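All values derive from a computational prediction rather than experimental measurement. Residues take their numbers from the sequence shown, with the count starting at 1.
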Amino acid sequence: MDENETPDLSDDEKKLFKDLMPEDLDEILDTGVNRRHFLKLVTLAGGGILAAQSAVAEQLFTKPISVPAAADVASATIENGVNVALKVNGTARKLTVDSRMTLLDTLRERLDLTGSKKGCDHGQCGACTVIVDGQRVLSCLTLAASCNGKTVQTIEGLARGDAGSTVRLHPMQEAFLKHDGFQCGFCTPGQICSAVALLDEAKRGDASYVTGNVRQKTAPVQLSTEEIRERMSGNLCRCGAYPNIVAAIQEVHSGKPVEQTFRFSA
């Protein structure tokens, strides 16, 4: 046999060829195909299959994936379900939660109110502070089931304004902006909620650790710098904006402008 010639197809190659191109096998065999041609055809066929697979894979990976809503997934996987009805930022909400689920996780994961932050998750930093029935609470230590029938106010519910109208910030929010009472902003929602509840506590005459005479309840309490610092001690600011936070609370409490405690360099 000449060195440039190639042997005819073997039985196994004919079978493989038939699997790849069954409709053209008889015609090809009549005209004659050697192994060299066969290998070229198999290579082309393999490349075509690879290209088709790549196209299918691209469609699969680029096609938007339909993800079930978080509330639907949560409801379907709840084991110790408890029905909870509460009013959040003026809106009545009913949902089923795990009996062990915290108010913080319920707000963030079930109601999409992510303003309240999970800082330490141990009730030590105050970033999760919200207002429940007028009292500030640490939502990371509060069970959602215990809030059934109660009113919850988060940072999202402090500003006022209907749909289509200009939103007006709460006076405490405006004061925090004026006095630069935040830097990274992570603890700010808890700081503001705590400060708003603090003013209500002062109006009721609630005493603090630094109150001089706890036997003589006076309302409202005049908040000194020392009083504000003590009452806000449960809210930590890792950026150290405490003087500005105190100034913001003093301004809202007194109703009079307070000089800014920070200065920008010229």
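Separating the CG atom in L104 from the CG atom in L141 is a distance of 9.5 Å, to the nearest 0.5 Å. Atom CG of D180 sits about 10.0 Å away from atom SG of C239, to the nearest 0.5 Å. To the nearest 0.5 Å, atoms CD1 (I245) and CD (Q250) are separated by 12.5 Å. A distance of 8.0 Å separates SG of C147 from CG of L107, quoted to the nearest 0.5 Å. Atom CZ of residue R108 and atom CG of residue L103 lie 12.0 Å apart, to the nearest 0.5 angstrom. Atom CZ in F186 sits 7.0 Å away from atom SG in C125 (nearest 0.5 Å).
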Table please: side-chain donor-acceptor pairs of residues 115-123 below 3.5 Å, with sequence neighbours left out.
from: K117; atom 1: NZ; to: T114; atom 2: O; distance (Å): 3.1
from: K117; atom 1: NZ; to: G115; atom 2: O; distance (Å): 2.9
from: K118; atom 1: NZ; to: D105; atom 2: OD1; distance (Å): 2.8
from: H122; atom 1: ND1; to: C120; atom 2: O; distance (Å): 2.7

Please tabulate, for side-chain N and O atoms in residues 80-94, each donor-acceptor pair with protein atoms closer than 3.5 Å (sequence neighbours left out).
from: N83; atom 1: OD1; to: T96; atom 2: OG1; distance (Å): 2.8
from: N89; atom 1: OD1; to: T154; atom 2: N; distance (Å): 2.9
from: N89; atom 1: ND2; to: T154; atom 2: OG1; distance (Å): 2.9

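A donor-acceptor contact shorter than 3.5 Å is absent between the side chain of H179 and the backbone of G181. Between the side chain of E230 and the backbone N or O of E227, no donor-acceptor pair lies under 3.5 Å. In this structure, N235 contributes its side chain and G190 its backbone to a donor-acceptor pair below 3.5 Å.
The two residues C128 and C140 have their closest heavy-atom pair at SG-N, 3.4 Å. Closest of all the heavy-atom pairs between G205 and V221 is CA-CG2, 3.6 Å. Listed here is the closest heavy atom pair of R136 and S194: NH1-OG, 2.5 Å. V167 approaches A159 most closely through the heavy-atom pair CG1-CB, 3.7 Å. Considering every non-hydrogen atom in both Q191 and L236, the closest pair reads NE2-O, 3.5 Å. In plain terms, the two heavy atoms of C193 and I131 that are nearest each other are O-CD1, 3.6 Å.
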Between L158 and M172, does the side chain to side chain contact (heavy atoms under 4.5 Å, CB included) criterion hold? Intermediate values first, please. CA-CA 9 Å; L158 291 181; M172 189 63 70; over 6 Å; no
V137/T129 under side chain to side chain contact (heavy atoms under 4.5 Å, CB included): CA gap, chis, key distance, verdict: CA-CA 6 Å; V137 302; T129 304; over 6 Å; no
What's the verdict on side chain to side chain contact (heavy atoms under 4.5 Å, CB included) for I192 and F182, showing C-alpha distance, side-chain angles and the deciding distance? CA-CA 10 Å; I192 293 178; F182 55 90; over 6 Å; no
Please test R110 against V97 for side chain to side chain contact (heavy atoms under 4.5 Å, CB included), starting from the C-alpha separation and ending with a verdict. CA-CA 9 Å; R110 300 296 304 279; V97 299; 3.9 Å; yes
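Within the 4.5 Å cutoff, no side-chain heavy atoms of Q183 are placed close to those of N244. Counting heavy atoms from C-beta on, the side chains of L199 and V252 come closer than 4.5 Å. Proximity of L143 to S146: side-chain heavy atoms (C-beta onward) are separated by under 4.5 Å at one or more points.
Linking Ile, Leu, Val, Met, Phe, Trp and Tyr residues whenever their side-chain heavy atoms come within less than 4.5 Å places M232 and L223 in a single cluster.
More than 12 heavy atoms of other residues, nucleotides or ligands lie within 6.0 Å of CZ in R204, so this atom counts as buried by the packing criterion.
Y209 belongs to a hydrophobic cluster whose other members, connected by ILVMFWY side-chain contacts under 4.5 Å either directly or through intermediates, are V210.
The pair E251-K178 meets the salt-bridge criterion, since a charged nitrogen lies less than 4.0 angstrom from a carboxylate oxygen.
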